[in-house]
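Proteins get letters first, then strands, A, B, ... in listed order; numbering begins at 1 in each.
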Number of protein chains: 2
Amino acid sequence: MTESLDPTDWAILAELQRDARLPLTELGRRVNLSASAATERLRRLEGAGVITGYHAEIDLGKAGYPVLAVVRLKYPGSRHEPLHKLLGERAEILECLRTTGDDCYTLKIAAASMAHLERTVDELAQFGSTTTNLVYSRTLPYRGPREPARDLDA
Amino acid sequence: MTESLDPTDWAILAELQRDARLPLTELGRRVNLSASAATERLRRLEGAGVITGYHAEIDLGKAGYPVLAVVRLKYPGSRHEPLHKLLGERAEILECLRTTGDDCYTLKIAAASMAHLERTVDELAQFGSTTTNLVYSRTLPYRGPREPARDLDA
DNA sequence: CCTGAAAATCGCAGTCG
DNA sequence: CGACTGCGATTTTCAGG
């Protein structure tokens with residue numbers, strides 16, 4: 001399951017989470033490997049599905065989406081296809097987590113205006129009751145998983 | 001504010017959100033620009049802060065963090081420094097959004113085990129009351145902002 | 001995991017519309 | 001001023017050890 005990542009693998013993951021466009025030669029330098037060895041490890045991590053993609057991070061405000069909101073959706077039925085269809089159509093829904101608890105889904109929505117957010121939430125409300133919270137700020141920069149401290153299951 | 005992004009800019013953003021490691025020559029090809037013109041546009045987008053970084057996306061389960069949870073924190077006081085200090089120390093907290101509403105913060109936490117999650121939530125609980133929801137699944141692949149349809153403020 | 005060479009790419013001039 | 005061309009330096013890729 002955990003494709004047994006060694007410290008070098010984690011070093012590669014850390015570097016590419018920080019800067020996905022790092023050249024392979026420079027990557028090799030940073031993890032004390034030749035470029036070809038680093039490349040081979042990287043291909044292995046990609047092939048095993050540990051790395052699922054490389055993405056540019058966009059400033060939502062500068063891109064014209066100054067309104068960010070967390071919306072929780074309480075979804076009574078068990079027919080989830082219509083919701084998934086809406087998720088596919090509405091690009092303003094950036095993330096959708098299905099969770100335990102009273103609210104079945106937690107979504108993150110980027111909108112161009114309050115009116116736009118209102119319209120999007122209205123569309124979601126046809127599926128169930130919604131709770132919307134506006135986001136003041138992200139208090140953390142981008143972050144992904146790091147090498148575990150080795151006793152987390154203790 | 002919205003550095004007036006034209007369709008070519010959006011095409012560049014779309015390509016790099018899909019694959020941040022795309023070579024500049026191939027990027028130019030896809031947006032019908034020469035490599036140097038594409039590069040210049042890209043540097044402009046980076047310089048303007050529209051693109052804030054390039055990140056590898058890691059499969060949390062395969063990386064040894066099979067437990068994902070959304071934790072909402074109701075934070076009574078106004079002294080936020082101690083919380084921010086904890087955020088900096090606990091790498092398992094992947095995201096922290098400060099929001100309106102009863103719960104001041106919404107956090108996303110990746111844990112190696114339920115015990116690990118429990119410990120992390122306990123640390124958060126010293127700041128206020130917490131609500132924890134486990135994540136069954138992400139129902140959407142990675143997604144970022146796209147070119148607006150031009151009448152979103154209507 | 002390393003070396004080494006061929007092919008592709010990157011970065012930087014200078015030039016055109 | 002934004003985009004294109006040309007060329008040297010770097011990077012990528014793929015042999016083979």
- L33(B) or T25(A), whichever maps to the more 5' nucleotide of DNA chain D: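 Counting from the 5' end, the first nearest nucleotide belongs to L33(B).
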
- Task: May I ask you to test the E95(A)-E95(B) pair for a side-chain heavy-atom distance under 4.5 Å?
- Result: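 With C-beta onward as the side chain, the pair touches.
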
Can you tell me which nucleotide in [options] comes closest to the side chain of [X]?
X	options	answer
T39(B)	dC4(D), dC1(C), dG11(C)	dG11(C)
S36(A)	dA3(D), dC2(C), dT11(D)	dC2(C)
E40(B)	dT9(C), dG2(D), dT12(D)	dG2(D)
P23(A)	dA3(D), dT9(C), dT12(D)	dT12(D)

- Give a yes/no on whether any side-chain N or O of S34(A) is located under 4.0 angstrom from OP1 or OP2 of dC1(C).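 It does not, given that no N or O in the side chain of S34(A) lies less than 4.0 Å from OP1 or OP2 of dC1(C).
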
- Query: R43(A) side chain N/O closer than 4.0 Å to the phosphate oxygens (OP1, OP2) of dT13(D)?
  - Reply: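 Yes, such a contact exists.
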
Distance in angstrom units between [X] [atom1] and [N] [atom2], rounded:
X	N	atom1	atom2	answer
R41(B)	dC1(D)	CZ	P	16 Å
E26(B)	dT9(C)	CD	P	8 Å
R21(B)	dC10(C)	CZ	P	11 Å
L42(A)	dT11(D)	CG	P	16 Å
I12(B)	dG2(D)	CD1	C1'	13 Å
L45(B)	dG2(D)	CG	P	12 Å
L24(B)	dT10(D)	CG	P	17 Å
L22(A)	dC10(C)	CG	C1'	15 Å

- Between H55(A) and Y142(A), is any side-chain donor less than 3.5 angstrom from a side-chain acceptor?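 H55(A) vs Y142(A): no donor-acceptor pair found between side chains.
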
- Task: Fit a plane to each ring of F127(B) and Y75(B), take the angle between them on a 0 to 90° scale, and name the class: parallel (under 30°), tilted (30 to 60°) or perpendicular (over 60°).
- Result: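 The rings of F127(B) and Y75(B) lie parallel, inter-plane angle below 30°.
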
- side-chain contact (heavy atoms from CB on, under 4.5 Å) between I58(B) and Y65(B), intermediate numbers included: CA-CA 10 Å; I58(B) 311 296; Y65(B) 295 95; over 6 Å; no

- Message: Please check: side-chain N/O of R143(A) versus main-chain N/O of I93(B), any donor-acceptor pairing under 3.5 Å?
- Response: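 Here the side-chain-to-backbone pair exists.
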
